[in-house]
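Below, chain A is the first sequence line, B the second, and so on; all start at residue 1.
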Number of protein chains: 2
Amino acid sequence: MEALQQHIKKIAGIPAADTREIASFFRQIQVKKKENLLREGMVCGLNYFVEQGCLRLFFTGHNGTEHTVQFALENWWLSDYTSFSTQRPSEFYIQAVEPSTVMVITCQAQEDMLERFPAMERYFRLIHQRVHGATQFRMKAMHDQSRKELYESFSSRFPEFVQRVPQYLLASYLGFTPEYLSQLRKKKIS
Amino acid sequence: MEALQQHIKKIAGIPAADTREIASFFRQIQVKKKENLLREGMVCGLNYFVEQGCLRLFFTGHNGTEHTVQFALENWWLSDYTSFSTQRPSEFYIQAVEPSTVMVITCQAQEDMLERFPAMERYFRLIHQRVHGATQFRMKAMHDQSRKELYESFSSRFPEFVQRVPQYLLASYLGFTPEYLSQLRKKKIS
DNA sequence: CGGATCGTTGATCAACTTCAACGGTCGTGG
DNA sequence: CCACGACCGTTGAAGTTGATCAACGATCCG
């Protein structure tokens, strides 16, 4: 609750007097490790802000393996935004990677909140715009490098993240098998 | 100019009286095929809306081959959003795939426009949110399918686009070589 | 007509996956 | 508190996928 208000203030310059009321549109939840907040087939009616811990958005491919599309650490938003926008069933799961405390807002409450505080449109615009930029960058990284280079540049750029997250999840994010990641690590050490 | 006003009205429900003045913050340009609107190393100080034609965002990888990150057809926005936000040099190119007519707004003019018409924050919020959703979907497609399936599902989903765009550009978007795309097409026909 | 651009074809090669098996560690219930 | 099982990381061999390279055709445009 503190973290969300801080973030809104920092990004959109909204005064604390308002952020308090804004926060009242949310509810705070605690989730255990591996707990699911969204399952394939459900409508994703919620938008999530991670205050503490880590969530991930993933899906299960045809061969049954899981592929994670995004992680959300502290101060990141996460949702299936097509399901959230259209209220159609999702093709994704959202799951806690660690025990986490998360601020949650329903689609309807978000609309109400935006009507009451139009300045929050700017906040979300900036959030999504930033993600858009980050995605362009990620696409560049993915196409520009071999998987080996991808892993190396990723782990030197986000060393703390590589520590926090199990290797098989990192592999499922970077797009290769845990076995291959093992090979890469072996070479790197020697 | 018509197309942009229509789009703003449709997405954010802004009345024609306002969209006219909003449009005055833009200027319209014509670009020739293969003309560059942005080069690597330049600051991307502009945001582009395609009224007619097609643009692409791409970069050149270490081996010199081009990789296109996004296409923008009619009624799509395009920019390097990290460079646009931070005013730092871009790592990308923006180029016309076809002769195009494009609405252009500078970073500063966009800020002025948003101050005068705060409802446009909502418009851009919805645009970026939609892109965010589309990106999640694209990530799923890329990881869920072999390159062969990727091409087939893409070309059955966007047949008109596959017609419009040369094959080597499509290959550079899907992430493989033109030669390999050729192989796939041969198999598909027979 | 002539040159550049784009698509095609086939051979070779590297990157990465798959499968199967083993070892360590963590947490939970007895 | 110990022991068992589940989970996670590792290893190596064999098999695929897709890249690379080089050469040739076709088409478009000046």
Novice: Can we call the ring centroids of B:Tyr173 and B:Phe71 under 6.0 Å apart?
Specialist: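 Yes, the ring of B:Tyr173 comes within the 6.0 Å limit of the ring of B:Phe71, centre to centre.
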Novice: Looking at every strand, decide which applies to B:Phe176 at a 4.0 Å heavy-atom threshold: base, sugar-phosphate, or nothing.
Specialist: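 B:Phe176: backbone/sugar contact only, no base atoms under 4.0 Å.
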Novice: Check the distance between C:dT17's P and B:Arg147's CZ and give it to me in whole angstrom.
Specialist: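 Whole-Å distance recorded here is 11 Å.
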Novice: Answer with yes or no whether the side chains of A:His128 and A:Tyr81 bring together a donor and an acceptor at under 3.5 Å.
Specialist: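 No pair is found: no donor N or O on one side chain lies under 3.5 Å from an acceptor on the other.
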Novice: Whether B:Thr177 contacts D:dA19 is assessed here as follows: a side-chain N or O lying under 4.0 Å from the phosphate OP1 or OP2. Is that the case?
Specialist: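 Yes, within the criterion.
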Novice: Starting from P on D:dT11, measure out to CZ on A:Arg185 and report it in whole angstrom.
Specialist: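 These atoms are roughly 10 Å apart.
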Novice: Is any side-chain nitrogen or oxygen of A:Lys186 closer than 4.0 Å to OP1 or OP2 of D:dG12?
Specialist: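 So the side chain of A:Lys186 is within the cut-off, an N or O lying under 4.0 Å from OP1 or OP2 of D:dG12.
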Novice: Tell me if the aromatic rings of A:Phe59 and B:His143 count as close, with their centers under 6.0 Å from one another.
Specialist: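 Centroid separation for A:Phe59 and B:His143: 6.0 Å or greater.
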Novice: Tell me whether the OP1 or OP2 atom of D:dG12 has a side-chain N or O from A:Gln183 closer than 4.0 Å.
Specialist: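 Checking D:dG12 against A:Gln183, no side-chain N or O comes under 4.0 Å of OP1 or OP2.
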Novice: Take A:Glu179 and B:Leu181, find for each the nucleotide of DNA chain C with the closest heavy atom, and name the residue whose nucleotide sits nearer the 5' end.
Specialist: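 Looking at DNA chain C, the more 5' nearest nucleotide goes with B:Leu181.
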Novice: Answer whether the closest heavy-atom distance between the side chains of A:Glu74 and A:Glu51 falls below 4.5 Å.
Specialist: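 Result no, sub-4.5 Å side-chain heavy-atom pair not found.
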Novice: Could you tell me the separation between the NE2 atom of A:His143 and the P atom of D:dA19, rounded to a whole number of Å?
Specialist: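 To the nearest whole Å, that distance equals 11 Å.
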Novice: In whole Å, what is the span from the CG atom of A:Asn63 to the P atom of D:dT17?
Specialist: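 Rounding to the nearest Å, CG of A:Asn63 and P of D:dT17 are 13 Å apart.
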Novice: Provide, to the nearest angstrom, the distance between the CG atom belonging to B:Leu184 and the P atom belonging to D:dG18.
Specialist: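 Nearest whole value for this atom pair: 8 Å.
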Novice: Step through it carefully: locate the ring centre of A:Phe124, locate the ring centre of A:Trp77, and say whether they are under 6.0 Å apart.
Specialist: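 Ring-ring flag for A:Phe124/A:Trp77: true, centres closer than 6.0 Å.
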Novice: May I have the distance from B:Lys33 (atom NZ) to D:dC28 (atom P), rounded to whole angstrom?
Specialist: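 It works out to 11 Å between those atoms.
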Novice: Given atom NE2 of B:His67 and atom P of D:dA19, what is their separation to the nearest angstrom?
Specialist: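 My rounded result for the distance is 10 Å.
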Novice: Roughly how many Å is it from OH in A:Tyr180 to P in D:dA13, rounded to a whole number?
Specialist: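 Taking OH of A:Tyr180 and P of D:dA13, I get 17 Å after rounding.
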Novice: Measure from the side chain of B:Tyr168, starting at C-beta and using heavy atoms only, and say which of C:dG10, C:dG7, D:dT11 lies closest.
Specialist: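 Of C:dG10, C:dG7, D:dT11, C:dG7 is nearest to the side chain of B:Tyr168.
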